Each structure stands twice: as structure tokens, then as C-alpha cells.
Amino acid sequence: MTPVIALLGRPNVGKSTLFNRLTRTRDALVADFPGVTRDRLVGSGQLGERPFWVVDTGGLLGEDAQLSGKVSDQALAAAQEADAVLLVVDARAGLTADDRTIADTLRTLGRPVRVAINKAEHLNPDLVRADFFELGLGEPTPISASHGHGVRSLLDGILEAFPPPDLSPTQEAEDTRPVFAVVGRPNAVKSTLINRLLGQSRLIESPVPGTTRDCVRVPVQLDGRECLLLDTAGLRRRAQVHEVIEKFSVIKTLQAIDLAQVVALVIDGELGIGEQDARIAGQALQRGRALVVAVNKSDTLDEPARAALRREVERRLPFIGFAPVEFISAKSGRGLKALTRSLFAVHSSALTRVPTSELTRLLEAIVTRNPPPMSGGRRAKLRYAHQGGHSPPTVVIHGTQVAGLPAHYLRYLENSFREALGLTGTPIRIVTRQGENPYAGRVNTLTARQVERRHRARRRGRKLFRD
């Protein structure tokens with residue numbers, strides 16, 4: 001079994017930096033002020049032939065009274081579920097009362113605990129270790145998460161307590177789990193929705209906008225199928241984004257949209273459709289992602305209000321008219337089964353594969369029903385089509401004069417293919433390929449005498465025609 005290592009400690013001691021160092025990624029946001037990390041982040045790492053999991057947590061005993069309790073609960077839950085706990089302390093700040101309190105709490109969990117003294121570069125190791133022996137958690141290890149000093153020896157000491165991995169030649173199975181990104185404006189109750197689907201308080205819920213900052217990956221089983229949910233930070237208008245850390249949160253959200261196959265756009269049913277909802281939907285459509293619109297807080301709406309809101313979705317978001325709209329309540333769980341069915345149906349549509357013969361047959365029927373318009377006195381000829389990719393499905397059409405097809409006819413082709421193939425919730429990309437001129441590149445091999453004979457023949461023909 002792969003060991004799980006949880007990183008705990010006070011705020012701003014370098015846990016996220018160490019997480020990125022151990023996982024060799026930049027998944028955790030890093031900033032030089034406390035309280036950046038709030039939810040648990042899980043990443044995989046490997047030391048030689050030994051794989052392991054790392055869990056980054058928020059700082060214990062934070063100063064934000066409204067969120068510190070929830071962040072601490074998440075951190076302690078990660079410690080209870082882990083195989084080993086790594087208490088990260090600050091070498092430059094020295095031993096603090098909060099460090100002692102956290103150490104006393106960790107001793108009651110019954111998990112092996114190691115102490116990592118971070119930010120120990122350019123310091124005397126013996127002097128750095130002296131204070132932290134008082135914690136009574138064994139010999140502390142000075143490290144530098146930002147530079148990597150001492151991290152390997154620290155990992156060796158942690159992993160040697162676990163049995164060696166099975167090195168039999170087995171091929172790892174490809175991760176085929178559906179990936180769903182939950183996006184929306186701040187305070188659209190995205191974390192509450194994921195907790196309801198998960199059946200536990202895995203993510204921090206708070207009425208404070210911007211509570212979620214990282215992109216949190218949450219494995220979950222829906223309708224008996226394993227999938228991965230991505231909780232993202234709420235996207236606000238660019239003029240309202242001032243903090244540097246929030247700018248990085250926006251980048252993480254856009255990366256989550258790129259990683260997902262289906263995007264669930266959560267809309268506050270009480271506030272209606274806003275300009276930012278349209279922007280988020282446009283970002284997902286621009287990246288070719290399938291979409292499901294989840295209208296939250298629908299339990300507060302009656303049937304006429306729902307019908308009016310559905311019409312508003314169609315009016316304000318016409319460019320994603322192919323996306324199914326589900327009315328849900330993340331708080332009570334109402335409508336979540338229908339949302340789950342829509343997510344899997346849209347995921348299946350986004351990954352559909354169609355043979356070339358069927359696409360060509362559909363193309364002929366579509367063109368026969370509505371031929372392409374004339375352009376420059378000539379009409380484009382669409383000869384055959386094949387699939388060029390999936391997620392989103394891409395249809396490559398070959399023919400002549402196809403470069404001049406207008407945008408409205410390309411939309412007609414997209415909608416016709418979606419209807420004919422029975423796809424839902426996914427855009428279809430239409431790519432045109434101009435046929436090559438078979439005479440291009442040929443060299444004229446006629447001799448000068450043959451050219452002169454042709455000219456004389458043409459002149460004689462014109463003279464006879466005049467006579």
C-alpha cells in the first residue's frame with residue numbers, strides 16, 4: 001500500500017512549498033503571508049522506486065476567527081487519515097507556543113510524527129535542532145523546502161518505516177476516470193455541492209467569498225462509477241481581482257477547466273444570470289469543454305420562477321444552448337441525481353467516436369438538405385468527413401472552396417452533426433481542409449514549335465468563325 005504523508009504546522013511555515021517540492025509540481029499556491037492554503041490538497045510523489053502520497057493542509061491556529069476552526073478541522077482530519085505526519089516548523093521564528101500546542105495535539109492521534117525544521121538554509125544545524133528537541137517527537141531534521149536541502153534524507157527517514165513497494169513487472173492501468181470541474185462565481189456554493197455529492201465535509205464551506213483558493217481534486221463515486229471532481233476558486237471580473245494570490249487562483253481555475261472533460265457551471269438561482277456567468281461559460285466553450293448548467297438554490301423557486309429562469313439562461317447564454325440545465329439544491333441534495341446523470345451523459349458525448357463512413361454519409365445528407373451558399377460565383381463542394389479528435393468531437397471536412405464557408409453555415413454543420421449523432425452538452429469543432437490542385441507543380445514540357453502550332457490553330461479557328 002502506498003504510504004500517505006500529511007503536512008501540518010502553523011500558517012506560513014512553508015508547507016505548500018514543501019508539498020510542491022515533494023510532488024515536483026506547482027499545484028499548491030505559495031505566497032509570503034499566512035492563510036493561503038485552506039482546503040486539503042493531495043499529490044503523488046516518488047523517491048526512487050518508492051511512491052507516496054502527500055497531503056497539504058491549512059495552517060493550524062490561524063488568525064482568521066471565521067475560518068481558522070474549519071481549516072484546523074480539515075488539517076486534523078488529514079492527520080488522522082494519514083500513515084505518517086510531518087510537523088513543519090520555522091527555523092527562523094524558533095520554537096513557539098503554537099508549535100507546542102500542535103505537537104501535543106498530534107501526540108494524541110496515534111500516528112508517527114516527524115519534525116521538519118524548514119527555512120534552515122545558511123543556519124547552523126546543531127543550533128537549529130536544539131530548541132525543537134523540546135517537542136519530544138524525536139530528532140528534528142533541518143531542511144530548506146525552497147532549495148531542497150535535506151528533503152531527501154527526511155523522506156528516507158519517513159519511508160523506511162513502511163514495507164518496500166512491490167516491484168513486480170505490472171503495467172499501471174490508465175486513469176480513465178471522468179473529470180468534472182465545478183466552476184462559477186464566488187460564493188456560488190460550489191464546495192457545498194461537492195461535499196453533498198461526496199457525503200462528507202471534505203471541503204471548507206463558508207459564506208465568505210473567495211474561501212476556496214487552490215484547485216482541489218476530490219475523488220468520488222457517483223452512481224457506482226469512480227470519477228474526479230475539481231473544486232475551483234470563484235471567478236470574478238478582472239477589475240475586481242486585486243490580490244496577487246487571487247490572480248493565481250484564477251489561473252488555477254482555468255487550468256482546471258483545461259484538465260476536465262466536463263464543466264459544471266454553478267449559477268445562483270436567487271441572483272440569476274450575471275455577466276460573469278457568461279464569461280465563465282465562454283471560457284469553457286473557448287477551451288472546447290462540454291458543459292452542464294447547474295442552477296443552485298432551486299428549492300426556493302416555484303415553477304413559474306424556474307420557467308422564467310430557464311428562459312433567462314436561454315436568452316443570456318445562447319452560445320451554450322446545447323448544454324443541459326439542471327435545477328438543484330446543494331444544501332438539501334435535491335436534483336443531484338439528475339445532475340449526475342447529465343454529467344455522465346455529457347461526458348459520454350464529449351468522448352464519442354464516429355467512423356469515417358458514417359460521418360461522410362451524414363455530411364452528404366446535411367449538405368443535400370441545405371447546400372452551402374455561393375461565394376464568388378462558385379459553390380463549395382464538401383466531399384467527405386472524418387473525425388479528428390474528441391473532447392470536443394472534431395469533424396474534419398475535405399472539399400473544394402471550403403475556406404470561404406461563412407460562419408453561419410459552419411454553425412449549421414455543427415448543430416446538424418450534434419443532432420444527427422444524438423450528442424448532448426458538448427460543442428463540436430468543424431475543421432475544413434481544402435483539396436489540393438492536381439495540376440499544381442506540373443512543369444510545361446511543350447516545345448516552342450508545339451506552342452507556335454497551337455497559336456496558329458487558334459488563329460485559323462477564329463478566322464473561320466468570322467467568315
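Because the structure is predicted, anything quoted here is derived from the model rather than measured.
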If you define the side chain from C-beta out and look only at heavy atoms, does anything of [X] sit under 4.5 Å from [Y]?
X    : Y    : result
L135 : R100 : yes
L197 : T340 : yes
V263 : Q283 : no
L86  : L18  : yes
P324 : V346 : yes
V113 : R107 : no
V402 : R433 : no
V220 : I194 : no

Would you confirm whether [X], through its side chain, and [Y], through its main-chain N or O, come within 3.5 Å as a donor-acceptor pair?
X    : Y    : answer
S153 : G150 : yes
T352 : S348 : no
D223 : R225 : no
D277 : G274 : yes
R111 : Q80  : yes
R316 : I273 : yes
R21  : V151 : no
T23  : G45  : no
R289 : S391 : yes
N118 : V88  : no

Item checked: salt bridge (charged side-chain N to carboxylate O under 4.0 Å, His left out): pairs with one or both residues in residues 323-332, sequence neighbours excluded -> none
Taking all non-hydrogen atoms of both residues, which atom of [X] and which atom of [Y] are closest, and how far apart?
X    : Y    : value
Y384 : H386 : CE1-CD2, 4.3 Å
L106 : A79  : CD2-CB, 4.4 Å
P219 : R217 : CD-O, 3.8 Å
Q221 : E226 : NE2-OE2, 3.4 Å
I117 : P140 : CD1-CB, 3.4 Å
S298 : S329 : OG-N, 4.0 Å

Enter the distance from [X]:[atom1] to [Y]:[atom2] here, rounded to the nearest 0.5 Å.
X    : Y    : atom1 : atom2 : answer
H147 : H122 : NE2   : NE2   : 5.5 Å
L363 : R361 : CG    : CZ    : 11.5 Å
Q261 : H390 : CD    : NE2   : 9.0 Å
I5   : D56  : CD1   : CG    : 13.0 Å
I267 : Q276 : CD1   : CD    : 12.0 Å
N296 : L265 : CG    : CG    : 11.5 Å

Checklist line | Cationic N near anionic O, under 4.0 Å, E314 to R310 | finding: no
Check: Any Lys/Arg nitrogen of D258 or R287 sitting under 4.0 Å from an Asp/Glu carboxylate oxygen of the other?
Finding: yes
Item checked: side-chain hydrogen bond (donor to acceptor under 3.5 Å, both in side chains) evaluation trace for D99 with T96 -> CA-CA 5 Å; D99 293 329; T96 66; 3.1 Å; yes
Please tabulate, for side-chain N and O atoms in residues 423-430, each donor-acceptor pair with protein atoms closer than 3.5 Å (sequence neighbours left out).
none

Next item on the list: Assess whether atom CD of E419 is packed by more than 12 heavy atoms of other residues, nucleotides or ligands within 6.0 Å.
Entry: no
Check: Do other residues, nucleotides or ligands put more than 12 heavy atoms under 6.0 Å from R24 CZ?
Finding: no
Next item on the list: Determine, stepwise, if the pair L198 / L229 fulfils side chain to side chain contact (heavy atoms under 4.5 Å, CB included).
Entry: CA-CA 10 Å; L198 192 60; L229 296 179; over 6 Å; no
Next item on the list: Return yes if a side-chain donor-acceptor contact under 3.5 Å exists between N195 and T192, otherwise no.
Entry: no
Item checked: Contact list for residues 325-355, test ring-ring contact (aromatic ring centres under 6.0 Å, His included), sequence neighbours left out -> F180-F344
Next item on the list: Using the side chain to side chain contact (heavy atoms under 4.5 Å, CB included) rule, take W53 and D83 through it: C-alpha gap first, then chi angles, then the decisive distance, then the call.
Entry: CA-CA 10 Å; W53 293 98; D83 299 308; over 6 Å; no
Next item on the list: Show the numbers, then the answer: is there a side chain to side chain contact (heavy atoms under 4.5 Å, CB included) between L336 and L193?
Entry: CA-CA 9 Å; L336 296 190; L193 172 60; 3.5 Å; yes
Margin query: Please evaluate residues R10 and K15 with respect to the criterion side chain to side chain contact (heavy atoms under 4.5 Å, CB included), reporting the C-alpha separation (whole Å), side-chain torsions for both, the decisive distance (0.1 Å), and the verdict.
Written below: CA-CA 9 Å; R10 294 184 294 108; K15 298 184 296 299; 5.9 Å; no
